[in-house]
2 protein chains.
Amino acid sequence: MVDELSTRIAGEISLSENPSKTMKKWREIFGLSQTELARYIHITPSVVSDYESGRRKAPGANTIKRFVAGIMKADAERGYPVVKSYRTMLTSLDDDGPVVDMQDFKMPLSAAELCHAIEGDMVANRDKGSTAVYGYTVVDSIKAILELSSDDFLNLYGTTSQRALIFTKVSYGRSPLIAVRVSRIKPGVVVMHGIDKIDDLGMRIAERERIPVILTVMEQKRLLERLRGCGR
Amino acid sequence: MVDELSTRIAGEISLSENPSKTMKKWREIFGLSQTELARYIHITPSVVSDYESGRRKAPGANTIKRFVAGIMKADAERGYPVVKSYRTMLTSLDDDGPVVDMQDFKMPLSAAELCHAIEGDMVANRDKGSTAVYGYTVVDSIKAILELSSDDFLNLYGTTSQRALIFTKVSYGRSPLIAVRVSRIKPGVVVMHGIDKIDDLGMRIAERERIPVILTVMEQKRLLERLRGCGR
DNA sequence: ACCTTATTTCGACGATTGTCGTAATTGGCT
DNA sequence: AGCCAATTACGACAATCGTCGAAATAAGGT
């Protein structure tokens, strides 16, 4: 599993239209600062910044190899949290639970860009529109309410919580936000599919949590296709 | 599936101890000459040779990207034979058929190296010991005989037929070689697990097909572990 | 406002890549 | 043996990478 994730990360960086941004995405997913990463791969922090800001447009295979080795080493020292999340993500798509789809974006999107892509309406915390989103999890909200324990909620986040949590079959807009409210880990963005306005309680929860909330009534099949096509 | 295989190839090249050899491996899996590949990615054949022979030790992300795009374009023009094989390979490991394990090696092995790794005895065509082997398929020979049609045999090859076909639960050594004999596509190496000598008929078939044949009596569990550890 | 840490910018320079073109070598086929 | 296609070797050179170090800027906390 470590090898598989390593290969995937290296492949994404190599094939990316913007390897710099992809390296930054993965560093942040692994919860490392540039200074921390620099220590793992024995270079100065300014070199890490040079890579991520695009000063070097096509890093060599040795650089990619050392980058991946560094973030994996950090994960190993912490007990493999990201590797475990990745495995959980693969597993949760296989069973017949509430998770409808879950992917990481090749290229990070902002909340505003995501909103635009799914023809949504951002009804709460519009000022947080620049929030970076690294992936999404689509959840059948009815099944989620019936089946998920509070621990299960953690499994919705895959490799990072900096993602969009998308609830389908929403009625009033409060239940998903209540669930987010009591959850220890918060997503970057909440999307509610099936309604075009939320009630007052939902709005107040959203403002208190400072999480952008997007509503969309796009047909679910098209929604999934649009999401799959994002961040390329 | 195309994206997934692309990412995997790019990741393997990036992370390889020897990116040159890994690029050559994948070019050969896709059945392209250096001259053909050069046309797809708009460089001269000598540049392709420079990459693959290690003159350039750490290709950049742009080079890897163009390499992968080239081999994928070639596969697309031929109707995706390699992509389909890759998909078949993933699928056949999921069901409860005769396939016990199937992997590609990160780094190609020779038949002799493989023989050594599994503590085997090469009883036929020792002069072909330098044959390159890119992966392996482990097959329960009893189930294979009972379940496989001649078309199913093709599914044993995954991304390339230049691999080791490994039969377990072998008794006399002739049945697997008969199966190979009547098959249109031949593996690079045949391994028979469970015997330490083959009968005359088996030997004659092997000599006629010019395929190295290895016998091993290693415990199956250790055999699988050894195979997984090969080509790193 | 101040302090500390993180990040970014950028000059500089040695190392390496990417590529062409030419020629030599290898391998397969007749 | 000869021919042809594929592959390899290699000189050459422009472009880019990899990295350091110093300084500037940004962000978070008090």
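Here is how names work: the chains are called A, B, and so on, in the same order as the sequence lines, proteins then strands, and each is numbered from 1.
- By the salt bridge (Lys or Arg N to Asp or Glu O under 4.0 Å) test, B:Glu207 pairs with no residue at all, sequence neighbours left out.
- B:Tyr51 and B:Gln34 share no donor-acceptor pair across their side chains, judged by distance under 3.5 Å alone.
- Side-chain polar atoms of B:Asp101 and B:Tyr136 form a donor-acceptor pair below 3.5 angstrom.
- Whole-Å rounding puts the B:Lys65 NZ to C:dT17 P distance at 18 Å.
- Rounding to whole angstrom units, OH of residue A:Tyr51 and C1' of D:dT16 are separated by 13 Å.
- Ionic pairing of A:Arg27 and A:Glu36 is not present here: no N-O contact between side-chain nitrogen and carboxylate oxygen is shorter than 4.0 angstrom.
- Note that the two end axes of the helix from C:dA1-D:dT30 to C:dT30-D:dA1 enclose an angle of 50°, each drawn from 5 base pairs, rounded to 10 degrees.
- Scanning atom types as modelled, no donor and acceptor separated by under 3.5 angstrom connect the side chain of B:Thr44 and the base of C:dG21.
- In this structure, a donor-acceptor pair under 3.5 Å is present between the side chains of A:Ser14 and B:Ser14.
- Atom CE of A:Met23 and atom P of D:dC17 are 12 Å apart (whole Å).
- At a threshold of 4.0 angstrom between heavy atoms, the contacts of A:Thr63 are confined to the sugar-phosphate backbone, with no base atom among them.
- The existence of a salt bridge linking B:Asp121 and B:Lys197 is excluded, since no basic side-chain nitrogen approaches an acidic carboxylate oxygen closer than 4.0 Å.
- Atoms NZ (A:Lys57) and C1' (D:dC17) sit 12 Å apart, rounded to a whole Å.
- The pair B:Lys73-B:Glu77 meets the salt-bridge criterion, with a side-chain N (NZ, NE, NH1 or NH2) lying under 4.0 Å from an Asp/Glu carboxylate O.
- B:Asp50 comes within 4.0 angstrom of a nucleotide base, judged by non-hydrogen atoms across all strands.
- Near DNA chain C, defined here as any heavy-atom distance below 4.0 Å, the residues from residues 31-40 of chain A are A:Ser33, A:Gln34, A:Thr35, listed numerically.
- For the pair A:Arg55 CZ and D:dG21 P, the computed distance is 15 Å after rounding to whole Å.
- Within the 3.5 Å criterion, the main-chain N or O of A:Ile13 finds no donor-acceptor partner in the side chain of A:Ser16.
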